[in-house]
Amino acid sequence: MPATEFPPDVAGLLGRLLDRLAAREDVVGVYVYGSLVTGDYSPAASDIDVVVLVQREPGQAMTWELTELHHALAGTGGPAGQLHCLYVAADSASDPERLCTYWFGDRMTQWQMKLLTQAELASAGAALYGPWPPPGIEPVPVADIQAAVHAEVTGYWRRISRRRRCWLQDSWVDHGLVVLPRAEAVLTTGDLITKSEAIGRLAGFGVPDSLAQEIRRRRDGLPVTVSKRRRLFRAVLARRVMQNGVARLSRLGPSASPAG
């Protein structure tokens, strides 16, 4: 995908990143996936998701060099805080449990090349540098994606739905509720839908139109004012929707039909 198809500031950031990474002999390929490729990118809300395949697992020296690279890149301007860059050894790219070196916006940490990431990259990714398809990355069977989503819903999101204070925050409301229709799409049809599509399906989980529009406005970068009273009411509502949604999705298996 030519850089001209990205928003200008994102194209500039990715160009600067690519200049630095392509100069390294240990870089196999640089790939972008997610909203930038599906056409659902929001400057106000989206991450810039990049996978870098490298010849070997980054050691201490290489990790330090990559950290310095990203700090220098952040100083050049652009939406650097949205950049999430996962460094994956090509010979272990298909292992969803292996921890990989991960630049997360403003710091270096570790994360995994999860099955959903592999699926998104294989089905709707783009090579900025290197061969396509990415070496070691193959299409993920639908049944495996469904199993991974089901496990995340019944594990992580069930735990989150029991918390209280987090639902006072805009970010948790926006991210958590949008998970429900996206998970349902995977579990019922195997489709990977965008966040914008998911917002359009929130009513199916009992989300009032006013709240769905609030979420959409924030995603579009429009101002949203939420009073203290409204925030408390919204937290109770969102938590209840999330708990009911998790219970509903937990009953869905591969190729199941949506619950009524």
Side-chain angles (χ1 to χ4, degrees), residues 6-10 13 34-36 38-49 74 77-84 103-107 109 111 116 120 149 152-187 191-250 252 258-260:
F6 299 130
D9 57 345
V10 175
L13 174 67
S35 59
L36 273 176
T38 62
D40 194 44
Y41 177 75
S42 163
S46 295
D47 299 325
I48 299 172
D49 294 311
Q82 298 166 245
L83 181 62
H84 296 173
W103 178 261
F104 185 67
D106 61 356
R107 65 189 184 278
T109 181
W111 196 242
L116 275 176
E120 289 187 45
V149 168
E152 187 165 290
V153 167
T154 57
Y156 177 78
W157 284 110
R158 176 167 283 158
R159 292 193 299 272
I160 294 298
S161 72
R162 292 170 178 161
R163 298 180 182 177
R164 296 180 183 274
R165 297 184 64 86
C166 67
W167 298 107
L168 292 168
Q169 302 175 31
D170 295 343
S171 58
W172 279 105
V173 171
D174 295 355
H175 180 50
L177 296 186
V178 167
V179 161
L180 297 175
R182 296 189 84 190
E184 183 183 59
V186 170
L187 293 172
D191 293 331
L192 299 173
I193 66 173
T194 66
K195 291 180 180 178
S196 291
E197 289 178 280
I199 293 172
R201 301 184 187 187
L202 285 173
F205 284 87
V207 176
D209 182 65
S210 59
L211 180 52
Q213 290 303 317
E214 177 187 322
I215 294 171
R216 188 177 296 280
R217 284 180 63 84
R218 275 194 291 270
R219 180 166 178 78
D220 291 341
L222 299 174
V224 178
T225 301
V226 183
S227 67
K228 183 177 181 180
R229 182 176 180 181
R230 163 70 178 169
R231 191 173 295 277
L232 290 170
F233 171 80
R234 188 190 64 177
V236 174
L237 172 63
R239 183 170 179 261
R240 182 171 68 245
V241 168
M242 198 70 194
Q243 289 178 330
N244 291 341
V246 166
R248 168 175 154 183
L249 294 176
S250 68
L252 294 180

Review point. Do the side chains of Asp170 and Arg231 get nearer than 4.5 Å, heavy atoms only?
Key: yes

Review point. Salt bridge or not for Glu214 and Arg234, using N-O below 4.0 Å?
Key: yes

Point to revise | Point-to-point distance, once rounded to the nearest 0.5 Å, from CD1 of Ile199 to CD of Glu197 | key: 10.5 Å

Check your understanding: Under 3.5 Å, is there a donor-acceptor pair between the side chain of Arg218 and the main chain of Pro223?
Key -> no

Review point. Closest heavy-atom contact between Ala80 and Ala74?
Key: CB-CA, 3.8 Å

Practice item. Write down the atom of Pro181, the atom of Arg201, and the distance for their closest heavy-atom approach. Key: CB-CB, 3.8 Å

Point to revise | Point-to-point distance, once rounded to the nearest 0.5 Å, from OG of Ser196 to CD1 of Ile215 | key: 12.0 Å

Revision key, fill the gap. Between the CG atom in Leu249 and the CD atom in Glu152, the distance rounded to the nearest 0.5 Å is 11.5 Å

**Study point:** Phe205 vs Leu177 side-chain heavy atoms within contact, under 4.5 Å
**Key:** no

Practice item. Report the C-alpha distance between Leu192 and Val186 in whole Å, list the side-chain angles of each, state the deciding distance to 0.1 Å, and finish with yes or no for side-chain contact (heavy atoms from CB on, under 4.5 Å). Key: CA-CA 6 Å; Leu192 299 173; Val186 170; 3.8 Å; yes

Review point. Rounded to the nearest 0.5 Å, how far apart are OG1 of Thr38 and CD1 of Ile193?
Key: 11.0 Å

**Study point:** Side-chain heavy atoms of Leu202 within contact of Leu211, under 4.5 Å
**Key:** no

Study note, to complete from the structure: Tightest non-hydrogen contact, residues Asp220 and Ala44, listed as C-CB, 4.4 Å

Practice item. Determine whether Leu237 and Pro208 make a side-chain contact, defined as any pair of heavy atoms from C-beta on separated by less than 4.5 Å. Key: yes

Review point. Which pairs, with at least one residue in residues 157-178 and sequence neighbours excluded, count as a ring pair (Phe, Tyr, Trp, His ring centres under 6.0 Å)?
Key: Trp157-His175

Point to revise | Nearest heavy-atom neighbours spanning Cys166 and Arg163 | key: SG-CB, 3.9 Å

Point to revise | salt_bridge(Asp174, Arg217) N-O dist < 4.0 Å | key: no

Review point. Can you tell me how far CD1 of Ile48 sits from CD of Gln82, rounded to the nearest 0.5 angstrom?
Key: 5.0 Å

Check your understanding: Is the shortest heavy-atom distance from the side chain of Arg182 to the side chain of Leu116 under 4.5 Å?
Key -> no

Review point. Minimum heavy-atom separation for Arg230 to Ser210, with atom names?
Key: NH2-OG, 4.2 Å

Point to revise | Exercise: identify the closest heavy-atom pair between Ser46 and Tyr41 | key: CB-CD1, 3.5 Å

**Study point:** Heavy-atom side-chain proximity of Leu232 to Leu168 below 4.5 angstrom
**Key:** yes

Check your understanding: What's the spacing between Leu180 CG and Asn244 CG if we round to 0.5 Å?
Key -> 9.5 Å

Point to revise | Validation row: Asp49, Ser35 side chains within 4.5 angstrom (heavy atoms) | key: no

Point to revise | Tyr156: partners by ring pair (Phe, Tyr, Trp, His ring centres under 6.0 Å), with sequence neighbours left out | key: none

Exercise for review: Side-chain contact test, heavy atoms from C-beta onward, threshold under 4.5 Å: evaluate it for Arg219 versus Asp40 and give yes or no.
Suggested key: yes

